[in-house]
Q: 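Encoded as structure tokens, here's the structure I'll be asking about.
Just so it is clear, the values below take in all heavy atoms, side chains as well, and ignore hydrogens, waters and symmetry mates.
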Amino acid sequence: QVQLVESGGGSVQAGGSLRLSCAASGRTSSAKAMAWFRRAPGKEREFVAGITWSGSSTRYADSAKGRFTISRDNAKSTVSLQMNSLKPEDTAVYYCAAAFTQRVGKRSDEYDYWGQGTQVTVSS
């Protein structure tokens, strides 16, 4: 089992920045690909960014490219999402996810473990 706990959410004005962190515990060696998803009110959960075990490969949703950066520190079993130039449409609950596989998928069903989520609210 892998437990994931997100932190770093909050409220910020448009144009601001936030850094989300996800701490993994348990059998962290099983957490290969890791990703961030989000669910906005009234919408389905969507992929935001993902990263391979080595960190050598990342993948972003079009909405995140150029503004968000995903990184991981395997020694600390953490994955982070630096979010800059935030927009009101980035308002959502952000979830950390981990997969047994190396591939960074964009579908929720490709991930095996999930955190509880952290709220991000961006005001205009």
Side-chain angles (χ1 to χ4, degrees):
Q1 291 288 333
V2 176
Q3 293 79 43
L4 302 173
V5 178
E6 303 95 337
S7 61
S11 297
V12 65
Q13 289 191 328
S17 299
L18 282 174
R19 185 176 180 86
L20 305 183
S21 292
C22 173
S25 60
R27 295 187 64 180
T28 57
S29 61
S30 298
K32 303 302 184 184
M34 294 192 73
W36 288 94
F37 284 74
R38 68 186 183 187
R39 177 177 284 158
K43 296 186 177 180
E44 294 188 354
R45 185 160 53 188
E46 64 176 2
F47 174 83
V48 177
I51 189 168
T52 55
W53 169 261
S54 66
S56 62
S57 180
T58 57
R59 197 174 183 186
Y60 294 92
D62 288 343
S63 59
K65 288 178 182 177
R67 300 188 300 127
F68 295 1
T69 303
I70 189 170
S71 60
R72 70 188 293 170
D73 184 338
N74 289 334
K76 297 181 179 179
S77 298
T78 59
V79 61
S80 299
L81 184 69
Q82 177 67 41
M83 304 187 296
N84 298 328
S85 302
L86 283 162
K87 304 174 181 180
E89 51 263 44
D90 293 318
T91 295
V93 177
Y94 284 71
Y95 298 90
C96 177
F100 293 138
T101 61
Q102 292 280 7
R103 180 180 178 275
V104 178
K106 288 189 172 184
R107 301 194 320 266
S108 295
D109 62 3
E110 295 180 275
Y111 291 84
D112 304 285
Y113 296 104
W114 293 86
Q116 293 298 308
T118 186
Q119 176 71 47
V120 170
T121 302
V122 184
S123 58
S124 57

Q: Regarding Lys65 and Asp62, does a basic nitrogen lie under 4.0 Å from an acidic carboxylate oxygen?
A: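 So Lys65 pairs with Asp62 through a salt bridge.
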Q: Can you tell if the side chain of Val120 reaches within under 4.5 Å of the side chain of Met83, non-hydrogen atoms only?
A: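 SC-SC contact between Val120 and Met83 confirmed.
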Q: If you measure from CH2 on Trp53 to CD1 on Ile51, what distance do you get to the nearest 0.5 Å?
A: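 Trp53 atom CH2 to Ile51 atom CD1 measures 11.5 Å (nearest 0.5 Å).
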Q: Within this structure, what is the OG1-CZ distance for the pair Thr52 and Arg72, rounded to the nearest 0.5 Å?
A: 7.0 Å
Q: Return yes when atom CD of Gln119 has more than 12 non-hydrogen atoms of other residues, nucleotides or ligands closer than 6.0 Å, and no otherwise.
A: yes
Q: So which heavy atom on Ser85 is nearest to which on Ser17, and how close?
A: N-OG, 4.3 Å
Q: Given the rule that I, L, V, M, F, W and Y join up when any side-chain heavy atoms are under 4.5 Å apart, are Leu81 and Val2 in one cluster?
A: yes
Q: Pair up each side-chain donor or acceptor in residues 25-33 with any protein partner under 3.5 Å, not counting sequence neighbours, and list the distances.
A:
residue : atom : partner : partner atom : Å
Ser25   : OG   : Gln3    : OE1          : 3.4
Lys32   : NZ   : Ser29   : O            : 3.0

Q: Is there a donor-acceptor pair closer than 3.5 Å between any side-chain N or O of Glu6 and the backbone N or O of Gln116?
A: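 Yes.
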Q: If you measure from OG1 on Thr121 to CG on Leu86, what distance do you get to the nearest 0.5 Å?
A: 10.5 Å
Q: Can you check whether Thr58 reaches Val104 side chain to side chain, under 4.5 Å on heavy atoms?
A: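 Thr58 vs Val104: side chains apart.
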Q: Roughly how far apart are Trp36 CH2 and Cys22 SG, rounded to 0.5 Å?
A: 5.0 Å
Q: Residues two or more places apart in sequence or in another chain: which of them pass side-chain contact (heavy atoms from CB on, under 4.5 Å) with Ala64?
A: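 If we apply the side-chain contact (heavy atoms from CB on, under 4.5 Å) test to Ala64, skipping adjacent residues, the hits are Val48, Tyr60, Phe68.
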Q: What's the spacing between Gln13 CD and Ser123 OG if we round to 0.5 Å?
A: 5.0 Å
Q: Just verifying a value: how many Å separate Ser71 OG and Arg19 CZ, rounded to the nearest 0.5 Å?
A: 4.5 Å
Q: Hey, does the side chain of Ser21 reach the backbone of Ser80 with a donor-acceptor pair shorter than 3.5 angstrom?
A: no
Q: Among pairs that include at least one residue of residues 94-105, which meet side chain to side chain donor-acceptor pair (under 3.5 Å), considering only residues two or more places apart or in two chains?
A: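 Counting only pairs at least two positions apart or across chains, the side chain to side chain donor-acceptor pair (under 3.5 Å) contacts touching residues 94-105 are Arg38-Tyr94, Arg103-Glu110.
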Q: Quick check on the hydrophobic clustering: are Tyr111 and Val93 connected, directly or via other members, by side-chain heavy-atom contacts under 4.5 Å?
A: yes
Q: May I ask whether Tyr113 and Phe47 are part of the same hydrophobic cluster, defined by side-chain heavy atoms of I, L, V, M, F, W, Y residues being less than 4.5 angstrom apart, directly or through others?
A: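 No: no chain of side-chain contacts under 4.5 Å links Tyr113 to Phe47.
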Q: For Cys96 versus Met34, what's the shortest heavy-atom pair and its separation?
A: SG-CE, 3.8 Å
Q: Taking all atoms of both residues into account, what is the closest heavy-atom pair of Arg59 and Gly105, and its distance?
A: NH1-CA, 4.0 Å
